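Keep in mind that what you see is a predicted model, and the values were worked out from it rather than measured. Only heavy atoms go into these numbers, but all of them, side chains included; no hydrogens, no water, no symmetry mates.
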Amino acid sequence: MQQLVQLALVVADYDEAIAFYTQTLRFELIEDTKMSETKRWVVVAPPGNTGCRLLLAKGVGDEQLSRVGNQTGGRVFLFIHTDDFEGDYENLKAKGVKIVRGPVDEPYGRVLVFEDLYGNLIDLIQPA
């Protein structure tokens, strides 16, 4: 058996990324371990998550830093399922998160697209 357990997201700064994902999106900080003077192992996940987690990886050097905010070339990067679409939508608006599209009802559920603190696109979906 294989299982996808973690994705890396290149970020500009550990602490500002932790703040966005934990305070704005209400993710849980799973781990924040200092690996060296400049590197940390920072893992976040939605509350109650039993699936894939997100590794916040600080970009190092021009090439990695050039990917911050556009890790997937303008495509949606993450897809978050929720059972409280309206509550999560109101939280995003209250926290000043930029909503790019929606909310709209699609055959697969209610969805909106928003930007993280760097401009990466994220879908919030309440499945039908």
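- To the nearest 0.5 Å, the span separating CG on Leu65 from NZ on Lys58 amounts to 8.5 Å.
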Original post:
Are Ile18 and Arg40 close enough, and set up right, to give a side chain to side chain contact (heavy atoms under 4.5 Å, CB included), and what steps lead you there?
Top reply: CA-CA 12 Å; Ile18 290 169; Arg40 290 159 55 185; 3.4 Å; yes
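- The closest donor-acceptor contact from the side chain of Lys95 to the backbone of Gln23 lies under 3.5 Å.
- The structure places CD of Glu106 at 9.5 Å from CG of Asp123, a figure rounded to the nearest 0.5 Å.
- Within a 6.0 Å radius of CG in Asp83, other residues, nucleotides and ligands contribute 12 heavy atoms or fewer.
- Between Leu25 and Phe20 there is a side-chain heavy-atom pair separated by less than 4.5 Å.
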Subject >> Val111 vs Val104, side chain to side chain contact (heavy atoms under 4.5 Å, CB included): CA-CA, chis, key distance, verdict >> reply: CA-CA 6 Å; Val111 63; Val104 296; 3.6 Å; yes
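- Gln6 places a side-chain heavy atom less than 4.5 Å from the side chain of Val43.
- Within the hydrophobic cluster formed by Ile, Leu, Val, Met, Phe, Trp and Tyr side chains joined at under 4.5 Å, directly or through other members, Met1 stands alone, with no partner residue.
- Hydrophobic cluster membership is shared by Phe27 and Leu29, with clusters built from Ile, Leu, Val, Met, Phe, Trp and Tyr side chains linked at under 4.5 angstrom.
- Inter-residue side-chain proximity for Leu7 and Leu55 is flagged as unmet; no heavy-atom pair is nearer than 4.5 Å.
- Side-chain contact between Val11 and Asp13: absent, with no pair of heavy atoms (C-beta onward) separated by less than 4.5 Å.
- Minimum heavy-atom separation, Pro127 to His81: CG-ND1, 3.4 Å.
- A distance of 5.0 Å separates CD1 of Ile122 from CG of Leu78, quoted to the nearest 0.5 Å.
- A donor-acceptor distance shorter than 3.5 angstrom exists from the side chain of Asn49 to the backbone of Cys52, with no hydrogens or angles considered.
- Taking both residues in full, the closest heavy atoms of Thr33 and Glu31 are given as OG1-OE2, 2.8 Å, listed atom of the first, atom of the second, then distance.
- Going from atom CG of Asp32 over to atom OH of Tyr14 covers 9.0 Å, rounded to the nearest 0.5 Å.
- The shortest side-chain heavy-atom distance between Ile125 and Ile80 does not fall under the 4.5 Å cut-off.
- Taking NZ of Lys98 as the reference point, atom CZ of Phe114 lies at 13.5 Å (rounded to 0.5 Å).
- Residues Leu112 and Phe79 are members of separate hydrophobic clusters, defined by side-chain heavy-atom contacts under 4.5 angstrom among Ile, Leu, Val, Met, Phe, Trp and Tyr.
- Panel note: side chain Gln71, backbone Arg67; no donor-acceptor pair is recorded below 3.5 Å.
- Residues Leu121 and Arg75 are not in side-chain contact: their nearest non-hydrogen atoms beyond the backbone lie 4.5 Å or more apart.
- Judged by distance alone, the side chain of Tyr118 and the main-chain N or O of Ala12 form a donor-acceptor pair under 3.5 Å.
- Looking at Val76 and Asn120, their side chains never come closer than 4.5 Å, going by heavy atoms from C-beta outward.
- Across Leu54, Val42, Val44, a single residue satisfies side chain to side chain contact (heavy atoms under 4.5 Å, CB included) together with Leu9, and that is Leu54.
- Checked by atom type and distance alone, the side chain of Gln126 pairs as donor or acceptor with a backbone atom of Phe85 at under 3.5 Å.
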Subject >> Derivation of the side chain to side chain contact (heavy atoms under 4.5 Å, CB included) call for Glu16 and Leu117 >> reply: CA-CA 8 Å; Glu16 70 183 10; Leu117 74 163; 3.9 Å; yes
**OP:** Begin from the C-alpha positions of Val100 and Glu115 and carry the test side chain to side chain contact (heavy atoms under 4.5 Å, CB included) through to its verdict.
**Re:** CA-CA 7 Å; Val100 178; Glu115 289 184 355; 3.6 Å; yes
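- The structure places OG1 of Thr22 at 11.0 Å from CD1 of Ile30, a figure rounded to the nearest 0.5 Å.
- Heavy atoms from other residues, nucleotides or ligands lying under 6.0 Å from NZ of Lys39 number 12 at most.
- Look at Arg110 and Glu86 and you find a salt bridge, because one of the NZ, NE, NH1 or NH2 atoms lies within 4.0 Å of a carboxylate O, short of that distance.
- Side-chain N/O atoms of Tyr21 and Asp116 include a donor and acceptor closer than 3.5 Å.
- Minimum heavy-atom separation, Ala128 to Pro107: CB-O, 3.7 Å.
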